[in-house]
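First up is the structure itself, then whatever we jot down about it.
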Amino acid sequence: MSLDNTPEQSQLGRASAYADHYDAGLLFPIPRATQRDAMGIASDKLPFFGADLWTAFELSWLNARGKPQLAIAHFTIPCETPNIIESKSFKLYLNSFNSTVFADAQAVRERLRTDLAEAVWRGSDRTAGIGVKLLAPDVFDQEPVHELDGLDLDRLDIECTQYQPAPELLSADLSQPPVTEALTSRLLKSNCLVTGQPDWGSVQIRYNGPPIDQAGLLAYIVSFRNHNEFHEPCAERIFTDIWQRCQPTQLAVYARYTRRGGLDINPFRTSWPQALPANIRMARQ
């Protein structure tokens, strides 16, 4: 069973009335397969593991006495789900909690988990849960603010001339012994597939294998600058291009995008099973 939702049918780029009473129907799932097919990624045989890590900084509801409650929410959506959630619809959905009464934070968490799991697995004969964690205001100051760990590629003084994804810029010295390293850049930028609005991000690339040419890798990251694509397939494109062009034995790509409208989306893709990265807030958010 397939889902026919396309980005053009979503609320992106349209004037929207903000519902302030709970409405799960606001969620708009978009199939991952369309963009994966274009990259040659088979949805039934993914070359990676991972998840999309969302953070919602604007979540509120009413308690039984009508007093507003607040929380920060972390969502973990497995990369094998057939759908992503279009971000504006996610914001509209979260806003629909604003004037709705819930018994407690646990009731809010269960409602979020049920609705989002249904949306991301919609149209599939499989089903599974997603991760939802709510943080109360008394622990807000425990949320870490931290840049991605690794060697900073942005230190390199390179000439950049390509602003659409250019995998031919990637290379590795296959004659050299394998290395294990983490490389980072704050220069990842792409544009929303529908509205063309800029999406700013940082990226961490951890790998084991022949040493990757760092100047070429940085130029490749910069080459996304005028590219129109959602966050999740951007990360998968980076993973796939490095995997094919540089031939590492292990590879992990973690993209952390700055939040817009109270939401950030942070895809993580890895060639080997491992713990997901900790949720962090980038210093420049």
Note to self: Check for me, please, whether Leu59 and Leu62 land in the same ILVMFWY cluster - side-chain distances under 4.5 Å, paths through other members count.
What the structure shows: no
Note to self: Does Arg269 qualify as a cation-pi partner of Phe48, given the criterion of NZ or CZ under 6.0 Å from the six-membered ring centre and within 45 degrees of its axis?
What the structure shows: yes
Notebook entry, point to check: Going hydrophobic residue to hydrophobic residue with side-chain gaps under 4.5 angstrom, can you get from Ile158 over to Leu170?
Noted result: yes
Note to self: Using the rule given for side chain to side chain contact (heavy atoms under 4.5 Å, CB included), can you reason through Phe268 versus Cys79, listing the C-alpha separation, both sets of side-chain angles and the distance that settles it, and then say yes or no?
What the structure shows: CA-CA 8 Å; Phe268 175 69; Cys79 68; over 6 Å; no
Margin query: Can you tell me how far apart OG1 (Thr184) and CG (Asp154) are? Round to the nearest 0.5 Å.
Written below: 6.5 Å
Next item on the list: Report the relative orientation of the aromatic rings in Phe90 and Trp54; use parallel for angles under 30°, tilted for 30 to 60°, perpendicular for over 60°.
Entry: tilted
Next item on the list: Quick one: which residue pairs count as a side-chain hydrogen bond (donor to acceptor under 3.5 Å, both in side chains) with a foot in residues 213-225, not counting sequence neighbours?
Entry: Arg155-Gln214, Tyr220-Asp241
Note to self: Side chains of Thr81 and Asn83 only: does a donor on one sit below 3.5 Å from an acceptor on the other?
What the structure shows: no
Notebook entry, point to check: Trp272 and Ile242: same hydrophobic cluster, using ILVMFWY side-chain contacts below 4.5 Å?
Noted result: no
Next item on the list: Could you list the residues that satisfy side chain to side chain contact (heavy atoms under 4.5 Å, CB included) with Phe102, not counting sequence neighbours?
Entry: Trp61, Phe97, Thr100, Ala107, Val108, Arg111
Check: Which residues satisfy the side chain to side chain contact (heavy atoms under 4.5 Å, CB included) test with Ala56, sequence neighbours excluded?
Finding: Ala73, Phe75, Leu94, Leu263
Next item on the list: For Tyr207 and Glu181, test the side chains for any donor-to-acceptor distance below 3.5 angstrom and give the result as yes or no.
Entry: yes
Checklist line | Rounded distance [0.5 Å steps], CG in Leu251 versus OG1 in Thr270 | finding: 7.5 Å
Next item on the list: Please test Phe224 against Ile238 for side chain to side chain contact (heavy atoms under 4.5 Å, CB included), starting from the C-alpha separation and ending with a verdict.
Entry: CA-CA 10 Å; Phe224 280 74; Ile238 292 170; 3.6 Å; yes
Checklist line | side chain to side chain contact (heavy atoms under 4.5 Å, CB included) against Ala24, all qualifying residues, sequence neighbours excluded | finding: Tyr22, Tyr93, Asp115
Notebook entry, point to check: Do any N or O atoms from the side chain of Gln204 and from the backbone of Asp149 form a donor-acceptor pair under 3.5 angstrom?
Noted result: yes
Note to self: Working to the nearest 0.5 angstrom, can you tell me the gap between Leu187 CG and Ile221 CD1?
What the structure shows: 8.0 Å
Next item on the list: Indicate yes or no: does Arg237 engage Glu229 in a salt bridge with an N to O separation below 4.0 Å.
Entry: yes
Checklist line | ILVMFWY cluster, Trp243 and Leu174 together (side-chain gap under 4.5 Å) | finding: no
Margin query: Return the CZ to CD1 distance between Arg122 and Ile30, rounded to the nearest 0.5 Å.
Written below: 12.0 Å
Next item on the list: Kindly state each residue pair satisfying salt bridge (Lys or Arg N to Asp or Glu O under 4.0 Å) with at least one member in residues 190-200, sequence neighbours excluded.
Entry: Asp199-Arg260
Check: Does the pair Arg186/Glu147 count as a salt bridge with the N-to-O cut at 4.0 Å?
Finding: yes
Next item on the list: Only counting residues at least two apart or in another chain, list the ones meeting side-chain hydrogen bond (donor to acceptor under 3.5 Å, both in side chains) with Thr180.
Entry: Asn208
